[in-house]
Number of protein chains: 2
Amino acid sequence: MSVKYSLLALLERGPAYGYQLRAAFESATGNTWPLNIGQVYTTLNRLERDELVEALPENDSGQRPYRITETGRRHLAGWFASPVQAADRPRDELTIKLALAVTTPGVDVADVIQRQRGATLRLLQEYTRLKVAEENAELAWRLVLESMIFRAEAEIRWLDHTEAVVARAELPAPFPFAVEEPTSADATPEHNRTRTH
Amino acid sequence: MSVKYSLLALLERGPAYGYQLRAAFESATGNTWPLNIGQVYTTLNRLERDELVEALPENDSGQRPYRITETGRRHLAGWFASPVQAADRPRDELTIKLALAVTTPGVDVADVIQRQRGATLRLLQEYTRLKVAEENAELAWRLVLESMIFRAEAEIRWLDHTEAVVARAELPAPFPFAVEEPTSADATPEHNRTRTH
DNA sequence: CGACACATGTAACACGTTACATGATTTG
DNA sequence: CAAATCATGTAACGTGTTACATGTGTCG
């Protein structure tokens with residue numbers, strides 16, 4: 001759905017052709033999510049079929065620009081007006097991987113967590129570096145970057161939390177009065193930890 | 001990829017047939033991500049074609065169980081050993097929506113943010129409620145739930161942050177000495193805010 | 001008996017990626 | 001001129017969803 005509505009949103013600025021739309025999308029998201037040009041054309045075809053956009057006559061340079069229709073404008077407004085729901089979100093690969101890791105024989109969960117934390121930490125450092133470098137970049141791209149930073153931080157917090165939970169779960173419950181860690185106590189950022197493990 | 005490797009992981013516990021695999025997957029993820037039964041069968045067919053699983057003879061009850069192969073075991077181990085990279089992650093619909101909202105004419109960004117915060121806040125409350133209710137549930141499902149909580153919290157922090165950034169950006173830069181908010185100063189949880197807007 | 005859960009499958013379609021084909025224009 | 005960029009498209013395939021078809025077993 002993202003690409004479909006993204007193209008509509010970009011066309012709301014004014015008519016544009018496929019190649020321009022890809023450039024505009026990648027510029028707005030700072031190349032975080034490269035957009036395949038083939039997909040742009042097939043999506044534009046579907047949008048035209050559904051009458052959300054209309055093709056304008058091919059111009060002198062052989063470009064085929066599209067214009068958003070009134071119907072398209074309504075669909076786009078609906079997209080902006082309706083929040084992203086839980087059901088809209090794709091399955092999260094990392095969450096599934098760890099959830100299955102704890103019940104798959106022969107898997108060293110601590111090791112899986114450690115590798116992932118390394119990768120995510122490197123990612124977070126790269127994002128942080130970019131944030132400094134791109135302080136005056138487009139607003140849209142800065143928002144995307146900050147979103148990536150918040151997500152990466154949350155992921156590291158979850159990994160740290162999960163590591164503790166799993167370590168505790170592997171001990172065969174010493175006695176019924178389990179030590180309960182206060183909720184979100186481990187939400188404190190503690191990134192600068194290298195973990196030689 | 002998630003489904004393919006999830007089925008391999010579940011088969012690593014022992015042979016199972018399609019219907020069982022779906023039940024096991026949904027039980028491990030606490031129905032967070034329902035798994036279409038049709039997809040289970042088509043994925044099993046592809047896995048069999050690629051020799052990552054092998055079909056066992058149909059039993060008396062008309063069930064067709066599958067067993068993971070050595071090749072399948074290697075692929076699965078590779079999945080667990082390699083971290084989820086930035087490039088593996090799908091485009092994030094909410095991030096894209098807000099990034100495009102700020103440059104699409106006629107869009108009230110503050111309104112979009114406010115609606116999304118409402119939806120995510122309700123989600124977070126539901127997850128928190130579940131966390132209390134399911135304290136003794138399967139470890140895998142508890143991990144999934146906590147992952148959802150960490151993500152929802154991060155999303156709300158990002159929405160709050162973005163709201164502030166956008167509000168500031170809409171002012172036509174009063175004078176060059178811009179007031180710089182300290183990084184992550186707004187990372188403080190402030191969920192219990194109803195915002196009549 | 002009728003409804004429901006169990007169980008396997010197929011068809012059609014949307015969305016996404018990779019790769020290929022083709023041609024015009026620009027630039028070193 | 002050669003290579004890169006601009007520009008449009010198609011084919012094949014993987015992944016995911018919805019809907020349909022079909023049959024067995026169980027339970028009220």
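Chain A is the first sequence line, chain B the second, and so forth, proteins listed ahead of strands; every chain is numbered from 1.
Distance, B:L21 CG to C:dT8 C1': 13 Å, rounded to whole Å. At whole-Å resolution of the value, CD in B:E26 and P in C:dA7 are 14 Å apart. Between the P atom of C:dC6 and the OH atom of B:Y19 lies a distance of 5 Å, rounded to the nearest Å. A:N36 has its CG atom 14 Å from the P atom of D:dT8, to the nearest Å. When the P atom of C:dT17 is taken as reference, atom CZ of B:R89 falls 16 Å away, rounded to whole Å. The interatomic distance linking A:L47 (CG) with C:dC15 (C1') rounds to 12 Å, in whole Å. One interatomic measurement links the two molecules: OH of A:Y41 to P of C:dA19, which rounds to 19 Å at whole-angstrom precision. If you take CG of A:N59 and C1' of C:dA24, they are 13 Å apart, rounded to a whole angstrom.
Within the structure, every side-chain polar atom (N or O) of B:Y17 is placed at least 4.0 Å from both OP1 and OP2 of C:dT8. Phosphate proximity of C:dT17 to A:Q39: present, with a side-chain N or O under 4.0 Å from OP1 or OP2. For A:Q63 and D:dT8, the shortest distance from a side-chain N or O to OP1 or OP2 is not below 4.0 Å. The phosphate of C:dA14 (OP1 or OP2) has a side-chain N or O of A:R49 nearer than 4.0 angstrom.
Screening A:V107, A:V109, A:V112 against A:V102 for a side-chain contact (heavy atoms from CB on, under 4.5 Å) leaves a single residue, A:V109.
Ion pairing between A:R115 and A:D111 holds under the 4.0 Å rule for side-chain N and carboxylate O. A salt bridge links B:R151 with A:D92: the distance from a Lys NZ or Arg NE/NH1/NH2 to an Asp or Glu carboxylate oxygen falls below 4.0 Å.
In B:E51, the CD atom is not crowded: 12 or fewer heavy atoms of neighbouring residues, nucleotides or ligands sit closer than 6.0 Å.
Here B:R46 lies in heavy-atom contact (under 4.0 Å) with a base. Using a 4.0 Å heavy-atom distance criterion, B:R91 is classed as a sugar-phosphate-only contact.
Ring orientation note: the planes of A:W79 and A:Y5 are close to parallel, at an angle under 30° on the 30°/60° scale.
Nearest-nucleotide positions on DNA chain C for A:T43 and B:P65 put B:P65 closer to the 5' end.
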